[in-house]
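Working notes, beginning with the structure itself.
Proteins get letters first, then strands, A, B, ... in listed order; numbering begins at 1 in each.
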Amino acid sequence: MFSRITYVFREMWASLSRNLTLTVAAVITATVSLFLSGLTLLIQEGFDNQLSAWTKGVRLLVYVDNDATPEQLKVFTDALTQAKAEGTVVKDFNYCDVACSVDVAHKLYAGDPTAIELYNDKTTPSFFRVIPVNQSSATQLNQLAERLHGLPKVNAVVSPDQMITTLSVLKGFVGVRSLIMSIVLLLAAVLLIWNAIRTAMFARRREIEVMKLVGATNWFIRLPFMLEGLVTGLIGGLIGGGALLAVNQDWTDGITTRFPANSGLAAFVATGSTPWSIALAMVALGALVGAIGSATAAGRFLDV
Amino acid sequence: MFSRITYVFREMWASLSRNLTLTVAAVITATVSLFLSGLTLLIQEGFDNQLSAWTKGVRLLVYVDNDATPEQLKVFTDALTQAKAEGTVVKDFNYCDVACSVDVAHKLYAGDPTAIELYNDKTTPSFFRVIPVNQSSATQLNQLAERLHGLPKVNAVVSPDQMITTLSVLKGFVGVRSLIMSIVLLLAAVLLIWNAIRTAMFARRREIEVMKLVGATNWFIRLPFMLEGLVTGLIGGLIGGGALLAVNQDWTDGITTRFPANSGLAAFVATGSTPWSIALAMVALGALVGAIGSATAAGRFLDV
Amino acid sequence: MIRIENVTKTYSTDVTALRDASFEVNKAEFVFLVGPSGSGKSTLLRLMSRQERPEKGGVWVAGRNIVEMPNNKIPELRRKIGNIFQDYKLLLNKTVFENVAFALEVIGKPKQVIRQQVPQVLEIVGLEDKADRFPHQLSGGEQQRVSIARAFVNRPLILLADEPTGNLDPGTGEGIMRLLDRINTTGTTVVMATHDQRIVNQMRKRVIQLDRGVIVRDQHRGVYD
Amino acid sequence: MIRIENVTKTYSTDVTALRDASFEVNKAEFVFLVGPSGSGKSTLLRLMSRQERPEKGGVWVAGRNIVEMPNNKIPELRRKIGNIFQDYKLLLNKTVFENVAFALEVIGKPKQVIRQQVPQVLEIVGLEDKADRFPHQLSGGEQQRVSIARAFVNRPLILLADEPTGNLDPGTGEGIMRLLDRINTTGTTVVMATHDQRIVNQMRKRVIQLDRGVIVRDQHRGVYD
Ligand SMILES: Nc1ncnc2c1ncn2[C@@H]1O[C@H](COP(=O)(O)OP(=O)(O)OP(=O)(O)O)[C@@H](O)[C@H]1O
Ligand SMILES: Nc1ncnc2c1ncn2[C@@H]1O[C@H](COP(=O)(O)OP(=O)(O)OP(=O)(O)O)[C@@H](O)[C@H]1O
Ligand SMILES: [Mg+2]
Ligand SMILES: [Mg+2]
């Protein structure tokens, strides 16, 4: 049994090194494709985190003219209470009257005497603060903002930044396309591994023929080749996963040092164990790709 | 002569189709790598356009407290005149006194009575408008802004958006990394084409041996293989270049329809004939890669 | 040991290589297959190790009909048979020693058995000093002897030899024949296809003659023609 | 036509395959190379078409010393020589017709010449009805005949034949020998390595005998031994 195992590994290694360039090409393609797949996932994760960071801080501020009557204010309260009861967009709301609003402004511009002078109970409008439900989308918030804008005495509705919409669209655009690209490359990787195995077997078809003629079993013949494909895919997965972690580290570092502090990209990172899970998934995917490629390739040439 | 040409093409075709999976894998890898290279160039172009669009509109506004004396204002005028004389950052500047500033504010908030009320000659600071030299970088502008901020009676310096800095850094970050990735893939493509040719020649080494023994010249033997590599690279270049144009079209369309009008990405496109030039360069690069791969591969096996 | 019963073999090219052939070979018998080029000798040998399957008839080897044998039993069958091929079928990237050892290795023989038996058998075929050569570093006849060594390193029950002396000079050829004879006397059944008139006439063994796929003569202690 | 002068050939494995060999073959001569397996016959033939280069000595073919010939002149030399290889060297993915046509195609012969000459030569070796077969669909002897056909379809000045009858039954072998004789009488120089005692004795041509790389006999109208 032991001699069989050494046989399998020796043969695998011989075949790997004999086909060196093809193996290297297969590894590179597997690496890049797995790296791209992982990167797609990481970028998606970054988008998600950035979006939720932006969305989480979102407050819809509805500024109401100071001369609004209590009846007019009640229209707002009613509309928002109803929306809150529906529960899809509005999670909660509260009213900040003129005194409260001046207070907020003075806190906000604490260091700026001119601004503090500017905001007095004449000039500062009161406002409703609307806290959206966590899962509510940017579109829904925009719709709500428009509805509220239609009410009387509204001075301004400050809605979530259009940046959020832009980012969502960008996420979809980039995500779908990089996914397609990585799938195409993954396909190329399967094909290449399939091919490396087929080439290896083709180059050794005489050997295989002789092995069969002297009574070797099909599994004995097949094993080194299958292992070869598995190892090729695995190496690709390891390098690709490693590169992924490195680039992720690089980016995460860059977020805090390279970019201006206030660049608004601070949340555009995958956090915690996510990069590791993705990298591990890539290693597993590499092994799977290798196994699939080599198993299908090794199936041929072996009809006794 | 004619029979030679048909021979070369017939043999090339036979070899291409016999090695189908390897050829397909080589084409895919060439395609994706060329596509990525092109995409890198396109993205760089987009960054450049976006950056220059943003930089073009930049004005440095230096707000001065209303109680500044003419002597204090002269300090500003002197500093800016000097900077203008140096010519590296400041192209021109002018002073907008309180009346002018109120006027500007009223124009800006024409539709907003509250705001108009807010901006009167008590509350509105006068300002210097600094027009930067076209080529001046974001860093230079920021330095100037800081210098001016140090002067007495400065209320605020509104400097070019930090977004520009962010974008520049992003350009560098994305650019270098996608370039590396596409170069790695390009290497894989060369390797694969080299390999496809080597495999083709290896599979036919008996044939080559016999050809040599019956008196075929080396060029006669080599030509079909070299053509095969060239065609592989060329096909990769054509598909990659085509995909590049398609994605570019898709993105450019998306800029105006898919993203919110005000997303700030309107300039993030490559314009005019640039995408075409890049796509053509990719086709040429593909052919070059194929030629290099096959020429080096065909050099082997051919020592008489 | 081997029984061929009404075997007809037709190739895809509409060539009938064998037509209704029947004969039996006993244990420890020595049989020459003779006949002109293309008469079906190699085909007959290939049928006996299931490299081909006949359209009609049965092929019994060591008591089992191998025509209907499932694929996963074939390796077992082949381990009982030593094959000497007309075109040697040596592995070009292995040395002489490795080529012979290979036949033991793939059927799972332990290292020490290999280290012992391979040099023995190389000495028998006169190649002990060429164990480290690669096939392309050997003359045609030397390659043929490697293929002979490989075929019986495994001490098979049956030895199927396709022109084992085709590329040997008379002297070396006679050596090989003495060897096959010795193997035969230890109980191994030998079936050998040959064109070598001299050898057949010298050995005086059973001769089965083929002509265009038909057995035209089956003679004990026969001559070439 | 061919002149071998003090040729010594040593292989990388420290085997001296030829030692100080000298002889001359005239135009239209017929020479048998004989000797035991491994004595250097194939090596000698390979030297004549520059498949190998000697360490010492000169090899003149058609008036030129081919030892120092630059690589780009080799194709021209080989077009003057027909080679029959001990291991046939057929192209497995080409039919019989294509294998023979190939030799004309690669040296740029036009289509109509190919269409005319290939069937002619296939008829001569008795394979006219097997033109569309692939090599694996042929018996050993049939493959050998394809390689013979390919070697002289080009009507070469010199024919180098390495055991062209090794896998042929005596009948077919005699046919091939008559053919080589006929080719020889039209002015082609023939050098043939062989083990076939009967053929050498029948033909009564010049015999050069090798033993371990040394020419031990050079006899006109000689016999095998
Ligand atoms: N795979 C095949 N496909 C088609 N025809 C074949 C195949 N193998 C052999 N033949 C044909 O079958 C016939 C018998 O072939 P076989 O190889 O058995 O002859 P043989 O007696 O061994 O000849 P030789 O002495 O020349 O080796 C021949 O006519 C040959 O052309
Ligand atoms: N490429 C090579 N490398 C090393 N040694 C070689 C090589 N080719 C031949 N030899 C050795 O040179 C000697 C002569 O070989 P050659 O093939 O010329 O013999 P031969 O007379 O043709 O024999 P045969 O009749 O068996 O074909 C042999 O001992 C052989 O082992
Ligand atoms: Mg045969
Ligand atoms: Mg020889």
Original post:
Heavy-atom distance under 4.5 Å to chain A: side chain of C:K80, backbone, both or neither?
Top reply: neither

Subject >> Distance in Å, A:T217 OG1 paired with C:R79 CZ, rounded so as to fall on 0.5 Å steps >> reply: 6.5 Å

Original post:
Checking C:L90 against chain A: side chain, backbone, both or neither under 4.5 Å from a heavy atom?
Top reply: backbone

Subject >> For C:V106 against A:F220, the heavy-atom pair lying closest together >> reply: CA-CE2, 3.5 Å

**OP:** Can you see which heavy atom on A:G215 is nearest to which on C:P75, and at what distance?
**Re:** O-CB, 3.4 Å

Subject >> Minimum side-chain heavy-atom gap A:V210-C:L91 below 4.5 Å >> reply: yes

Subject >> For C:K89 against A:E209, the heavy-atom pair lying closest together >> reply: NZ-OE2, 3.0 Å

Original post:
Quick one: CE on A:M211 to CD on C:E105, what's the gap to the nearest 0.5 Å?
Top reply: 8.5 Å

Subject >> C:R19, CZ atom: more than 12 neighbouring heavy atoms under 6.0 Å >> reply: no

